[in-house]
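Just so you know, these numbers come straight off a predicted model, no measurement behind them.
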Amino acid sequence: MNKATALIDEIFQALTNMLRYAGRLIGRMSPPALLGAALVLAFLFSILPLALVLFVAFMLIKVAVGACVIGGRRAKRAQEHVE
């Protein structure tokens, strides 16, 4: 239990140090740099996940349609082979 508590305490310290550093960095930024950082973060948190989800959805549709087409062709070929 002592090791787990020490690990959680170390993670908490690292997180608070990172937040302090980020706060100081934001405080030193010029308004145009702050706007640029906000736009980059907005892109990373909204547009990029949306693009990834759409990519995965269309790939799943493509695989499903491909499986149906290949299954139909195999069934047709098997039927021609029997006759």
Side-chain angles (χ1 to χ4, degrees):
M1 188 69 172
N2 194 15
K3 289 183 180 181
T5 306
L7 178 64
I8 291 172
D9 199 28
E10 185 177 347
I11 291 171
F12 180 73
Q13 289 295 328
L15 187 63
T16 55
N17 287 339
M18 182 184 68
L19 289 175
R20 285 184 192 132
Y21 176 76
R24 288 191 300 266
L25 182 66
I26 289 172
R28 287 181 289 179
M29 285 179 132
S30 65
L34 194 58
L35 178 64
L39 290 174
V40 168
L41 285 174
F43 174 76
L44 288 175
F45 289 130
S46 62
I47 297 171
L48 193 60
L50 177 65
L52 290 173
V53 167
L54 288 175
F55 173 75
V56 169
F58 284 120
M59 285 303 290
L60 289 175
I61 291 170
K62 180 181 176 181
V63 168
V65 169
C68 291
V69 169
I70 290 173
R73 287 181 182 174
R74 283 185 181 170
K76 186 177 178 182
R77 187 179 302 156
Q79 187 180 17
E80 287 175 358
H81 185 67
V82 170
E83 293 176 355

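- Met18 contributes atom CE, which lies 12.0 Å from atom CG of Leu25 (distance to the nearest 0.5 angstrom).
- Linking ILVMFWY residues whenever their side-chain heavy atoms come closer than 4.5 Å, directly or via other members, leaves Val63 and Ile61 in distinct clusters.
- Remark: Ile8 CD1 to Leu15 CG distance equals 13.0 Å, nearest 0.5 Å.
- Distance check, rounded to the nearest 0.5 Å: CG of Leu44 to CG of Leu39 gives 11.0 Å.
- Note: the hydrophobic cluster containing Val40 also contains Ile47 (ILVMFWY, side chain heavy atoms under 4.5 Å, direct or indirect links).
- Atom CD of Gln13 has more than 12 neighbouring heavy atoms from other residues, nucleotides or ligands inside a 6.0 Å radius.
- Phe58 is connected to Val65 through a chain of hydrophobic side-chain contacts under 4.5 Å among Ile, Leu, Val, Met, Phe, Trp and Tyr, so both are in one cluster.
- The CG atom of Leu50 lies 15.5 Å from the CZ atom of Phe45; values are rounded to the nearest 0.5 Å.
- When side chains are defined from C-beta on, Arg20 counts as touching Asn17, because their heavy atoms get closer than 4.5 Å.
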Quiz prompt | Candidate pair Arg73 and Val69, rule side chain to side chain contact (heavy atoms under 4.5 Å, CB included), full reasoning | solution = CA-CA 6 Å; Arg73 287 181 182 174; Val69 169; 3.8 Å; yes
